[in-house]
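Just below is one structure, and these are the notes that go with it.
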Amino acid sequence: MSGKVEVLAPGLFATVQDLGRPGYTALGVGRSGAADRAALRLANRLVGNPESNAAIEATFGGLAVRFDGPGLIALTGAVGAARLGGRAIGPNAPVLVRVGDELRLGAPEVGLRAYLAVRGGIDVPPVLGGRGTDTLSGLGPEPLAAGTTLPVGERVLAWPPVDLAPCAALVPEPVLRLIPGPRLDFFTPDAFDRLLSGRYLVSAESNRVGLRLDGPVLRRARTGELPPEPAAPGAVQVPPSGQPILFLADHPVTGGYPVVAVVAEDDLGGAAQARPGTRLRFARYGRGCLPA
């Protein structure tokens, strides 16, 4: 695809995202990037892009865009109604675009974040090697707004050899695998088991920084301040309320609260697709995803 993509409506919240800015943690810059990295990678593969190309991350539908040239697109992630040029299209498949076609996404039936890849990638200027928006640090392009135009790049691979990618359905109650965190000794001995045995509700205060979870309270065994220390994606940090926060793509690089556990990297896409009101559970990593 050449030319540009014009944003007619951003929906609830939409940004440009790629695989982020790895390697700058020592400078205080987090990796950021797509919240559901597997969905972004798949969208790029379906249009014959390198997996690292930038695409659009749309939160809870409502996105509407117009294409000023012919090309190839793919939608992945959250599943909902989508219409291109007035005709319905499905997810996880490459779709040809005609000049002037408009794409409109409805609210997803399942999941939270959808990814729109265009062949060639969204070619906004990189900042520290990444083209995505970090909502916490403010790096990268502004969140999309009506009237925003996005240039399409030319970084492509061979034409995609498939016309559909079978994908496992997003589950209504995700199970996220955990390993004990570096500050487990700051909590009472039953804290990790409470995480594994309880059900947590994703709070409406959640965003790309993290999921705020309501559920069994985790009690501290040690009080006092903890010096700021690096935090990884998937870290489960516990503030004084005892209600955990699961760090997602735009998490801070340091935190002042102890990390009781860490979610496996492969499960973070499922966490990123958990909308407010979703119930989720944790399982001990290494037991085949079975809840404790």
Side-chain angles (χ1 to χ4, degrees), residues 1-5 7 14-27 29-59 63 65 67 69 71-78 91-95 97 111 113-144 148-162 165 167 208-209 232-234 247-251 253 264-273:
M1 178 180 289
S2 59
K4 63 181 184 293
V5 178
V7 178
T15 55
V16 174
Q17 295 295 341
D18 58 7
L19 293 180
R21 303 178 178 85
Y24 294 100
T25 301
L27 299 178
V29 177
R31 184 179 70 185
S32 188
D36 185 344
R37 297 164 71 83
L40 172 77
R41 287 188 166 109
L42 175 61
N44 274 321
R45 291 198 301 273
L46 284 169
V47 296
N49 284 346
E51 290 185 340
S52 58
N53 271 14
I56 295 176
E57 179 183 281
T59 303
L63 176 73
V65 298
F67 304 95
L72 190 67
I73 65 169
L75 289 169
T76 61
N92 307 321
V95 181
V97 170
R113 296 180 169 94
Y115 293 85
L116 167 62
V118 299
R119 182 166 170 82
I122 300 298
D123 195 24
V124 296
V127 177
L128 295 178
R131 290 182 165 83
T133 300
D134 184 334
T135 60
L136 188 65
S137 72
L139 292 175
E142 293 290 326
L144 302 185
T148 300
T149 57
L150 300 170
V152 176
E154 299 179 347
R155 292 183 66 224
V156 296
L157 302 174
W159 193 259
V162 300
C167 293
R208 280 179 46 87
V209 174
F247 281 167
L248 296 182
D250 291 352
H251 69 87
V253 293
E265 173 96 20
D266 288 347
D267 293 353
L268 290 180
Q273 294 293 356

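Sequential numbering from 1 along the given sequence is applied to the chain's residues.
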Can you tell me how far the CG atom of D36 sits from the CD atom of Q17, to the nearest 0.5 Å? 11.5 Å

Just how far is it from atom CG of N44 to atom CG of L157, taken to the nearest 0.5 Å? 9.0 Å

Determine whether a donor-acceptor pair (N or O, by modelled atom type, separation under 3.5 Å) exists between the side chain of R113 and the backbone of A35. no

Roughly how far apart are E142 CD and T135 OG1, rounded to 0.5 Å? 11.5 Å

With V65 as partner, the option from L116, L144, T149 fulfilling side chain to side chain contact (heavy atoms under 4.5 Å, CB included) is L116

Please confirm whether the backbone N or O of P141 pairs with a side-chain atom of T133, one donor and one acceptor, at under 3.5 Å? yes

Locate the shortest heavy-atom distance separating L268 from F247; write the atom from each residue and the value. CD2-O, 4.5 Å

Compare every heavy atom of A14 with every heavy atom of A58, then report the nearest pair and how far apart it is. CA-CB, 4.2 Å

So, does R21 use its side chain to make a donor-acceptor pair with the main chain of S32 at under 3.5 Å? no

Give the C-alpha distance, both sets of side-chain angles, the deciding distance and a yes or no for side chain to side chain contact (heavy atoms under 4.5 Å, CB included) between V124 and L150. CA-CA 7 Å; V124 296; L150 300 170; 4.0 Å; yes

Any idea which heavy atoms bring A54 and R131 closest together, and the distance? CB-CB, 4.0 Å

Between A249 and A34 the two heavy atoms that sit nearest each other are CB-O, 4.2 Å

How many angstroms lie between CG in L136 and CG in L248, if you round to the nearest 0.5 Å? 12.0 Å

When you compare the side chain of L46 with that of V162, does any pair of heavy atoms fall below 4.5 Å? yes

Going by atom types alone, do N92 and T76 pair a side-chain donor with an acceptor below 3.5 Å? no

Roughly how far apart are L72 CG and F67 CZ, rounded to 0.5 Å? 10.0 Å

Report the C-alpha distance between D18 and S52 in whole Å, list the side-chain angles of each, state the deciding distance to 0.1 Å, and finish with yes or no for side chain to side chain contact (heavy atoms under 4.5 Å, CB included). CA-CA 6 Å; D18 58 7; S52 58; 5.9 Å; no

Nearest 0.5 Å, please: how far is CZ in R45 from CD in E51? 5.0 Å

Under the salt bridge (Lys or Arg N to Asp or Glu O under 4.0 Å) criterion, do D134 and R208 qualify, and how do the steps go? CA-CA 9 Å; D134 184 334; R208 280 179 46 87; over 6 Å; no

Distance-minimising heavy-atom pair for E265 and R31: OE2-NH2, 3.2 Å

Heavy-atom donor-acceptor pair, N49 side chain to G120 backbone, under 3.5 Å: yes

Shortest non-hydrogen separation from V5 to V152 and the atoms involved: CG2-CG2, 3.8 Å

